[in-house]
There are 2 protein chains.
Amino acid sequence: MVCPVTKIISAIKQPTRKQRELLQREELIMDTAQAMVYEHGYGHLSMDRVAEATEYSKGTIYNHFSSKEDLVCSLCCRSIKNLIDIFERAYQYEGSTRERYSAIGIGYSLYNQLHAMDAQNIQTVKNNAVREKVSEEKLVEMESLEHNINKIAQSIVQEAIDCGDLDKKHQDNVGTIVFGCWSMHYGAMLLDQSDMPLNKLGFSPVVNMLWENSNIYLDGYQWQPLSKDTDSKKLFNEISSALFDDEIALLKQSS
Amino acid sequence: MVCPVTKIISAIKQPTRKQRELLQREELIMDTAQAMVYEHGYGHLSMDRVAEATEYSKGTIYNHFSSKEDLVCSLCCRSIKNLIDIFERAYQYEGSTRERYSAIGIGYSLYNQLHAMDAQNIQTVKNNAVREKVSEEKLVEMESLEHNINKIAQSIVQEAIDCGDLDKKHQDNVGTIVFGCWSMHYGAMLLDQSDMPLNKLGFSPVVNMLWENSNIYLDGYQWQPLSKDTDSKKLFNEISSALFDDEIALLKQSS
DNA sequence: GAATAATATGACGAAACGTCAAAAAATGTC
DNA sequence: GACATTTTTTGACGTTTCGTCATATTATTC
């Protein structure tokens, strides 16, 4: 159940050559696994295949990841780190609190469209039968990452309250507001996944519905400036191109 | 890949003795599988164990369900049928369109709290790796059920528009509105599932957040009467006890 | 350069899936 | 009721994959 290598790696400050090699190999294993999932689906991912593809033995793979599920969870952690990066970019956006919060939602949609498999991995790990087999350490890591990403969203809501864009009466509802958007986006992403056929060029129709719905929702909280007093279509495009130009390009290219 | 027995059963109008026996056995298998998941988790469900517990051979089980995933999907279909029943009760509720629509949400929350494992099964089947192994027929059945349940929600929205509770300008957004609530509830349910520790007596805190959020959301659509002009806490209790008294009792009892 | 510690390997046992030839039961025919 | 034919059931079998562990290999220390 314990991963000797992981334990060593996690305690690193200034990595030695040896440790760099281990880290590098860990990356290689993860990249290989990810490619496998991307190309042939989750069902085709097996430890034996990963071992063969990386040209290491199975035992070595197990030195890095205590189980197949642990490996998938590691992929999730990497995805969440990518999401954190996106959330941070949204946080830095020069605009109203409302716009910055919306930017998070757009970034989230974008990421999930670009990396549908990542979303699928996260969904896989959320499943209790899978979760059970993930090592304690890795679960802790994931929870910590999820906590951090949540924090970013919460701070924007808090700032909105502080500057008056959101009424002070919502002070105790910061969690609820974030939870609302989170669940809506999370649910939409998962529902979208089952209906894969609808992937047209650019954003999927689900993204548009989601954008409308989140605006309605935030208007419901009277978060200023209201979307009904704004050109929300235009805002969507502005935010997309200001923050996520590279991703948009990729999206257009891949369709 | 084909299930001989299922094929026979599905074409039944007036079941003969033989067919009744097959149906009955199918129920037995499903009940056994469900109990297994409930008691020891999804990971403990195996076809061999089901065969042993039902005292039929594995081959016979496979005559009914073409794969383990097919069996789980059948459990999902049963859950969705239960949900349809709940949605229909909500549809019949004597109250404003807004209240009836809210009743759906409450029923959904309730069902998922009472049958957390059902929700987990649905989540499992949504996963592509699992979905791939479900027989075509079963997938069609599930999609049809999902379509029906969606229809119930959509008709309430439509009625709201027709009677003026919802502005006519939303005529083209019926799908979007239902999708919004659906994704929010679906996402909330899944997020709730990962945080199992928070199951206090009665409704989980997530249900409260969800209730608040859906009200805000529907207020955003200006769906009359607005929750901010109503005692929404009271409404929640009224709907719960009017429609879901039995379920509430079960919920209190199980905590 | 030898002794010791760390790491890598792949053969192995266990668990589970799904199949299929043969056995058993049910049904039909005379 | 006896025999033939069809349907259904059975469980042994082949296959895949998991995760382990004794052994082999490599690295490090003295």
Side-chain angles (χ1 to χ4, degrees), chain A residues 1-9 11-12 16-26 28-29 32-33 36-37 40-74 124 129-130 132-135 138, chain B residues 1-9 11 16-26 28-29 32-33 36-37 40-73 124 129-130 132-135 138:
Chain A
M1 267 308 179
V2 194
C3 287
V5 178
T6 310
K7 213 192 287 175
I8 294 164
I9 291 179
I12 295 175
T16 65
R17 176 187 61 76
K18 188 76 202 183
Q19 290 164 332
R20 277 198 309 277
E21 276 174 19
L22 289 181
L23 273 169
Q24 201 177 320
R25 189 162 66 197
E26 196 147 310
L28 171 66
I29 297 172
T32 307
M36 222 165 251
V37 175
H40 304 98
Y42 181 75
H44 195 257
L45 175 68
S46 86
M47 294 305 253
D48 290 84
R49 257 189 281 269
V50 170
E52 201 194 327
T54 55
E55 294 186 274
Y56 285 101
S57 74
K58 199 145 59 125
T60 301
I61 307 292
Y62 274 94
N63 275 346
H64 285 268
F65 304 96
S66 66
S67 68
K68 179 182 165 181
E69 287 73 16
D70 214 60
L71 172 53
V72 175
C73 189
S74 303
T124 302
V130 174
E132 277 169 10
K133 299 189 194 160
V134 178
S135 69
K138 199 114 295 161
Chain B
M1 267 308 177
V2 193
C3 285
V5 178
T6 309
K7 214 192 286 175
I8 294 165
I9 291 180
T16 65
R17 176 187 61 76
K18 187 77 203 185
Q19 289 164 332
R20 276 199 309 278
E21 276 174 19
L22 288 181
L23 273 168
Q24 201 176 320
R25 189 163 65 197
E26 196 148 310
L28 171 67
I29 298 172
T32 307
M36 221 165 252
V37 175
H40 304 99
Y42 181 75
H44 195 257
L45 175 69
S46 86
M47 294 307 252
D48 290 85
R49 255 189 281 268
V50 170
E52 200 193 327
T54 54
E55 293 186 273
Y56 286 101
S57 75
K58 201 148 56 128
T60 301
I61 307 292
Y62 273 95
N63 276 346
H64 285 268
F65 303 96
S66 66
S67 68
K68 179 182 164 181
E69 287 73 16
D70 214 60
L71 173 52
V72 176
C73 189
T124 302
V130 174
E132 277 168 11
K133 299 189 193 161
V134 178
S135 69
K138 198 114 295 161

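In the text below, chain A, chain B and the rest are named by the order of the sequence lines, each starting its count at 1.
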**Student:** Evaluate A:S74 against A:K138 for side chain to side chain contact (heavy atoms under 4.5 Å, CB included), listing each step before the verdict.
**Tutor:** CA-CA 7 Å; A:S74 303; A:K138 199 114 295 161; 3.0 Å; yes
**Student:** Among residues 49-57 of chain B, which ones have heavy-atom contacts with DNA chain D below 4.0 Å?
**Tutor:** B:Y56, B:S57
**Student:** Rounded to whole Å, how long is the line connecting atom CG of A:N63 with atom P of D:dT20?
**Tutor:** 11 Å
**Student:** Return the value, rounded to whole Å, for the distance between atom CD1 of B:I61 and atom P of D:dT10.
**Tutor:** 9 Å
**Student:** Got A:V50 and A:K68 here, is their nearest side-chain heavy-atom distance under 4.5 Å?
**Tutor:** no
**Student:** NZ of A:K68 versus P of D:dT20: gap in Å, rounded?
**Tutor:** 15 Å
**Student:** Ignoring hydrogens and angles, tell me if any N or O in the side chain of A:T32 forms a donor-acceptor pair with the backbone of A:T54 under 3.5 Å.
**Tutor:** no
**Student:** Between A:S46 and B:G59, which residue's closest nucleotide on DNA chain D lies nearer the 5′ terminus?
**Tutor:** B:G59
**Student:** Measure CZ/A:F65 against C1'/D:dT20 and give the value in whole Å, please.
**Tutor:** 19 Å
**Student:** Using the ring of B:Y42 (Phe, Tyr or Trp, six-membered ring only), decide whether A:K133 places NZ or CZ under 6.0 Å from its centre and within 45 degrees of its axis.
**Tutor:** no
**Student:** A:H64 has an atom NE2; how far is it from atom C1' of D:dG19, in whole Å?
**Tutor:** 16 Å
**Student:** So A:L45 and A:V72, do their side chains get closer than 4.5 Å, heavy atoms only?
**Tutor:** yes
**Student:** Out of C:dG18, D:dC18, D:dT10, which has the shortest distance to the side chain of B:M47?
**Tutor:** C:dG18
**Student:** Is the phosphate of D:dG11 approached by B:K58 (side-chain N or O, under 4.0 Å from OP1 or OP2)?
**Tutor:** no
**Student:** Give the rounded distance in Å between these two atoms: CG of A:D48 and C1' of C:dT9.
**Tutor:** 13 Å
**Student:** Less than 4.0 angstrom between a side-chain N/O of B:R25 and OP1 or OP2 of D:dT9, yes or no?
**Tutor:** yes
**Student:** Can you measure B:D70 atom CG to C:dC17 atom P for me and round it to whole angstrom units?
**Tutor:** 13 Å
